[in-house]
Amino acid sequence: MEIKVNGSWIIKHILKLGEDIKGTQQWQYLNQGAKFQTRDIYKELMKHHPLVEWRGLVYKNKARPRAVFVLWLACQHRLATKDRLAKFGVNVDQHCVFCGCIETVQHLFFDCMYTSKVWGEVLGWLCIQHSIQEWNKELQWLIKICKSRNWRKHFVKIAVAETVYAVWMDRNARVFRNEMQDKNIVNSIIERITNRIWVYPKYRDRLAHLLLA
């Protein structure tokens, strides 16, 4: 099919993939009359890209989709933090609204005095003793947690997604509307974790133990 100059960006890129697909082994199988599945083509196209270490944080994370999405952006350093906006030439006050330091992804979620306290209290509720570190080291710790096979990893995955999301929304409310959170942010995060976990019966006994502790 001819790729029209005035076509949409996504249509142009989809059509350009035609040549790549024709060179795949799955396409050759299709021409030989074999059963065709789109996912096989997708997997063959993707196999040349290395898997990111933090994929376990977002894969099958039972937190709210919006929270998982913000965590995904944070892991890729794609959130519009003040230092990133400044790199794009935006004239913005680069100081953290919570503590006054320069706002970066590295700083905002775990290194800041305010947010590290929030994350520490959430971990405390989960009965996890852990010294809060800066973003990269904390991310490595979370990656290690996600590789375990026990029930706690599911709680931690939800907790980190909901915490990052809550901090980001709190930050945005202060930056754009000059508003403070009406209720304790930690209680709000714990409430979200509880709501997301409760729908899975096999985790209810664990959750009840945390709620009664």
Side-chain angles (χ1 to χ4, degrees), residues 1-92 94 102-111 134-148 153-154 156-169 171-172 175-176 192 196:
M1 180 177 176
E2 180 185 356
I3 303 175
K4 296 183 179 180
V5 177
N6 61 347
S8 69
W9 177 90
I10 191 167
I11 291 297
K12 288 180 181 178
H13 279 70
I14 289 174
L15 293 177
K16 285 179 180 178
L17 280 174
E19 293 303 318
D20 294 333
I21 290 173
K22 287 178 183 178
T24 63
Q25 191 174 33
Q26 291 299 325
W27 188 261
Q28 302 303 321
Y29 290 159
L30 175 63
N31 290 333
Q32 297 170 11
K35 184 179 179 181
F36 173 77
Q37 289 186 315
T38 304
R39 68 180 180 185
D40 293 331
I41 295 287
Y42 173 78
K43 288 178 180 179
E44 193 162 348
L45 290 173
M46 293 299 294
K47 68 182 180 181
H48 303 297
H49 299 280
L51 296 173
V52 292
E53 283 188 310
W54 46 262
R55 64 188 182 279
L57 271 178
V58 295
Y59 181 63
K60 292 187 177 180
N61 191 322
K62 296 176 173 59
R64 291 174 296 167
R66 69 183 73 175
V68 177
F69 178 66
V70 169
L71 175 61
W72 177 72
L73 289 175
C75 288
Q76 298 188 91
H77 292 256
R78 290 295 182 267
L79 286 176
T81 49
K82 293 181 178 181
D83 70 313
R84 191 160 185 261
L85 291 175
K87 290 178 182 178
F88 291 143
V90 179
N91 186 15
V92 61
Q94 296 187 48
I102 299 299
E103 182 189 271
T104 64
V105 167
Q106 296 277 359
H107 167 81
L108 183 59
F109 294 108
F110 302 124
D111 201 29
E134 50 88 19
W135 174 264
N136 284 333
K137 291 182 180 179
E138 203 67 13
L139 196 59
Q140 290 302 316
W141 177 75
L142 289 166
I143 290 169
K144 185 178 179 180
I145 290 287
C146 290
K147 290 179 179 178
S148 66
K153 78 170 184 179
H154 298 291
V156 173
K157 286 170 66 170
I158 295 174
V160 68
E162 293 294 348
T163 301
V164 166
Y165 180 74
V167 167
W168 184 243
M169 296 307 293
R171 175 262 190 200
N172 288 345
V175 170
F176 299 113
R192 292 295 183 185
R196 300 303 295 183

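Positions are given from 1 along the sequence. Both backbone and side-chain heavy atoms feed into the values below; hydrogens, waters and symmetry mates do not.
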For side-chain contact (heavy atoms from CB on, under 4.5 Å), just list the numbers for Trp135 and Gln140, CA-CA rounded to whole Å, side-chain angles, deciding distance to a tenth of an Å, and then say yes or no.
CA-CA 9 Å; Trp135 174 264; Gln140 290 302 316; over 6 Å; no
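Atom-to-atom distance recorded for Leu71:CG and Asn61:CG is 7.0 Å, nearest 0.5 angstrom. Here Leu15 contributes atom CG and Lys4 contributes atom NZ; the two are 10.5 Å apart, rounded to the nearest 0.5 Å. Between the OG1 atom of Thr104 and the CG atom of Asp111 there is a distance of 7.5 Å, given to the nearest 0.5 Å. Rounding to the nearest 0.5 Å gives a distance of 9.0 Å between CD1 of Ile102 and NE2 of His107.
At a threshold of 4.5 Å between non-hydrogen side-chain atoms, the residues Cys75 and Leu139 count as touching. Looking at Phe109 and Leu79, their side chains come closer than 4.5 Å, going by heavy atoms from C-beta outward. In this structure the side chain of Cys146 never reaches within 4.5 angstrom of the side chain of Ile143, judged on heavy atoms. A 4.5 Å side-chain heavy-atom check between Val160 and Phe110 finds at least one atom pair inside the cut-off. Using a 4.5 Å heavy-atom threshold, the side chains of Gln76 and Trp54 count as touching.
Taking both residues in full, the closest heavy atoms of Val92 and Ala86 are given as CG1-N, 4.2 Å, listed atom of the first, atom of the second, then distance. Residue Ala67 comes nearest to Ala161 through the heavy atom pair CB-O, 3.7 Å, listed as atom of the first residue, atom of the second, then distance. The nearest pair of heavy atoms linking Ser8 to Ile11 is OG-CG1, 3.1 Å. In terms of heavy-atom proximity, Lys153 sits nearest to Ile145 at CB-O, 3.5 Å.
In this structure a side-chain-to-backbone donor-acceptor pair under 3.5 Å is present from Glu134 to Asn136.
Of the residues listed (Lys157, Arg64, Arg196), the one engaging Glu162 in a side-chain hydrogen bond (donor to acceptor under 3.5 Å, both in side chains) is Arg64, and it is the only one.
No more than 12 heavy atoms of other residues, nucleotides or ligands shown are found within 6.0 angstrom of NZ on Lys137. Around atom CD of Glu53, no more than 12 heavy atoms belonging to other residues, nucleotides or ligands sit under 6.0 Å away. Residue-environment remark: CZ (Arg55) exceeds the threshold of 12 foreign heavy atoms within 6.0 Å.
Ring centers of Tyr165 and Trp168: at least 6.0 Å apart, outside the cut-off.
Screening residues 77-87 for side-chain hydrogen bond (donor to acceptor under 3.5 Å, both in side chains), with sequence neighbours left out, gives Thr81-Asp83.
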